[in-house]
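Keep in mind that the numbers below use all heavy atoms, side chains included, and drop hydrogens, waters and symmetry copies.
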Amino acid sequence: MPLAQAWSVALVGLEGHLVEIEADIAQGLPKTTLIGLPDASLSEARDRVRAAVVNSGERFPDRKVTIGLSPATLPKTGSHYDVAIACALLAAAGVVEGPRLRHAAMIGELGLDGRIREVRGALAMTLAASRSGFERIVVPELNAGEARLVPGIAVYGVRSLRQVLAILRGTEIPDEDPPRAEPRLLSESLTRVPEVDLDDVLGQHEGRRAIEAAAAGGHHLYLHGPPGSGKTMLAERLAGLLPDLSTDDSLEVSAVHSLAGLLTGDAELVVRPPFIAPHHTASLSSLVGGGSGMPRPGAISCAHRGILFIDEAPEMHPLTLDTLRQPLESGFIEVHRAAAVAKFPARFMLVLAANPCPCGQAGTPYGICSCTPQVLHRYRQRISGPIKDRIDIQRQILPAARGSQDGVQPESTAVVAERVKAARDRQTHRYRDTGWLLNSQVPGPLLRRQFQLDSASQRMLEDLYTEGRLTARGFDRVVRLAWTLADLEGTARPTAELTHQAYQLRSGEPLTPLADHKPIRENAS
């Protein structure tokens, strides 16, 4: 049979495209030609496949071989096409039956001795193959764990090309030495949060209220204060307040982590919201994604459905920090390269922590700041106004006084997480017909049309807007935050008191009762 086909999967971002691999053997001088917009690593497949076929005990055709990858207009990158290319070539040479190749997708990189090495993105490729109607997929044995996370598709984990050929021939599968897992260079931005509990935090009533509200409504959070006041401690405990991911979200997050190379061989679905903490020296491409050829996901996509925590935020390059503007609004990031445009999900909770100045003592009750006004101004401007305007909750965290609890045991993570889950259940019920899940995601027009505040709350926010203390975006965000506080309280709609507290959480003012608050115009005067 001079012509045969096999199937593999190309990934553009997380979007999978089926690739038909055709092998044609014709009369002519021995030469192997690979067509279909391959990149450098894929072009080298000719030599890898030739060596792997020979070292697996098979004969490589000594005629003119043409290997085509369709669709021809789609750029192909990576070495995971090797197994499919080898099988299509051997089917064209009559070594295996061609029809058996048409019902299974294949991914895997070939070693020169015929071993099959693990590849990145196996979970995302298996998802794409399953959605395209394939019932079977052949993957490297080290990737079989993550591939089996996809329901409804049979996964064959193989160690060598010899085992693949035995499966295709229906013969006994030869025994091979178990593959050795290659060292993984995990991203430094993946932080495994220790087992911490909220009852470790003494005092910090306003900080605890802020992270509870952020967890309940999915709101972005900005914590600032002197060193050692507890900003990082609160941020790390925020992750424990979030409920487990749904099945669909778990698959989506796991696919991103698979493509980023963060899943191990004995992978399980990512069921907990991820906590990603890139260092403040992280580059722009490591944050948003990129790389030569086909782009890879960055830290913000690895934090999808979880938390992106940036400590010492003013120390990060302002341009790098400002790239978060668009994904904070849209929930995705598009990485444009000459070869392709990759779209990655990026709906995360942003948590920033910052010192008030380089010496860390500005604005603290007992600290003495040694920074000049110019230095202080430049430091505060490193987090731009547009970024701050997209953050719903801003809190100053000051050191808690010794003995501030008066013997009262702080609430644990489990207790607060129950309130957060109940608040999220109320949001799910309220927005059941809208397609949204959390208060932070609901568009402003929908809020104003269907979920209006009472007249007293509305007048309060309109006065704040008139005085220039709220932007139009800030107006909507205070409304969203007011609904979150109402969900935490279990009330049907926000009261004026809760709306006032929502404004204080956003503006950074101390949390005081509405009755103690002076009229807005009096404050302005």
Side-chain angles (χ1 to χ4, degrees), residues 4-23 34 36 38-39 41-42 44-45 48-49 52-53 67 69-71 74-91 96 100-111 114-150 152-165 167-168 179 181-182 184 251 254-261 263-265 267 293-294 296:
Q5 297 88 17
W7 294 92
S8 191
V9 182
L11 287 180
V12 181
L14 280 187
E15 184 181 357
H17 300 269
L18 283 182
V19 174
E20 183 182 11
I21 298 174
E22 299 173 290
L34 188 63
D39 71 341
S41 62
L42 180 52
E44 293 170 351
R48 288 195 300 271
V49 168
V53 167
I67 300 169
L69 291 81
S70 300
L74 178 71
K76 322 294 188 309
T77 182
S79 58
H80 64 273
Y81 301 97
D82 289 1
V83 174
I85 291 174
C87 290
L89 178 65
L90 292 175
V96 295
R100 289 179 176 267
L101 295 175
R102 297 172 187 168
H103 305 290
M106 297 182 176
I107 60 174
E109 175 188 334
L110 284 173
R115 286 179 301 152
I116 298 180
R117 304 178 185 273
E118 61 179 324
V119 295
R120 284 189 177 191
L123 175 57
M125 295 180 200
T126 306
L127 272 171
S130 176
R131 291 168 180 167
S132 299
F134 280 95
E135 298 179 353
R136 293 182 291 277
I137 187 168
V138 175
V139 303
E141 187 175 75
L142 290 175
N143 292 120
E146 58 183 285
R148 291 192 178 105
L149 298 176
V150 180
I153 186 169
V155 176
Y156 296 88
V158 291
R159 300 178 180 179
S160 68
L161 181 60
R162 284 181 288 270
Q163 289 189 341
V164 178
L165 297 178
I167 292 173
L168 293 175
E182 298 179 3
R184 290 173 177 264
L251 271 173
S254 299
V256 174
H257 285 204
S258 171
L259 189 55
L263 290 185
T264 57
M294 199 64 67
R296 298 293 184 188

Testing the basics here: between Ala147 and Thr126, what is the closest heavy-atom pair and its distance to 0.1 Å? CB-OG1, 3.5 Å

Between His103 and Arg136, is the side chain to side chain contact (heavy atoms under 4.5 Å, CB included) condition met? List the steps. CA-CA 7 Å; His103 305 290; Arg136 293 182 291 277; 3.2 Å; yes

Starting at OG of Ser41, measure out to CZ of Arg48 and round the result to the nearest 0.5 Å. 6.5 Å

Contacts of Gln163 meeting side chain to side chain donor-acceptor pair (under 3.5 Å) (sequence neighbours excluded), chain-then-number -> none

Could you report the tightest heavy-atom contact between Val53 and Ala86, atom names first, then the distance? CG2-CB, 4.4 Å

Check whether any side-chain heavy atom of Leu34 sits under 4.5 Å from a side-chain heavy atom of Leu69, and report yes or no. yes

Over all atoms of both residues, closest heavy-atom pair of Val9 and Gly16: CG1-CA, 4.2 Å

Just wondering, do Met106 and Leu101 contact through their side chains at under 4.5 Å, heavy atoms? yes

Report the distance from atom CG of Leu251 to atom CG of Leu149, rounding to the nearest 0.5 Å. 7.5 Å

Flag side-chain contact, heavy atom, 4.5 Å: Ser79 against Leu110: no

Are Glu20 and Trp7 side-chain neighbours, meaning at least one heavy-atom pair lies under 4.5 Å? yes

Would you check if Glu146 and Ser254 make a side-chain contact, meaning some heavy-atom pair closer than 4.5 Å? no

Working to the nearest 0.5 angstrom, can you tell me the gap between Tyr156 OH and Glu141 CD? 15.0 Å

Looking only at non-hydrogen atoms, find the nearest pair between Leu127 and Ala255 and report the distance. CD1-CB, 4.1 Å

For Arg162, the side chain to side chain contact (heavy atoms under 4.5 Å, CB included) test, sequence neighbours excluded, returns Ser56, Ser160, Pro174, Glu176

Side chains of Gln5 and Arg102: closer than 4.5 Å at any heavy-atom pair? yes

Set out, in order, the CA-CA distance, both residues' side-chain angles and the distance that settles side chain to side chain contact (heavy atoms under 4.5 Å, CB included) for Lys76 and Leu74, then state yes or no. CA-CA 6 Å; Lys76 322 294 188 309; Leu74 178 71; 4.2 Å; yes

Euclidean distance, Leu18 CG relative to Ser70 OG, rounded to 0.5 Å: 12.0 Å

Is the closest side-chain heavy-atom distance between Ile137 and Val150 below 4.5 Å? no

Taken to the nearest 0.5 Å, the spacing of Leu142 CG from Ile116 CD1 works out to 11.0 Å

Distance in Å, Ile21 CD1 paired with Cys87 SG, rounded so as to fall on 0.5 Å steps: 9.5 Å

State, to 0.1 Å, how close Ala144 and Val139 come at their nearest heavy-atom pair, and which atoms those are. CA-CG2, 3.8 Å

For the student: nearest non-hydrogen atoms of Ala88 and Ala6, plus distance: CB-CB, 3.9 Å

Between Leu42 and Asp39, is the side chain to side chain contact (heavy atoms under 4.5 Å, CB included) condition met? List the steps. CA-CA 5 Å; Leu42 180 52; Asp39 71 341; 3.2 Å; yes

Between Leu165 and Leu90, is any pair of side-chain heavy atoms under 4.5 Å apart? yes

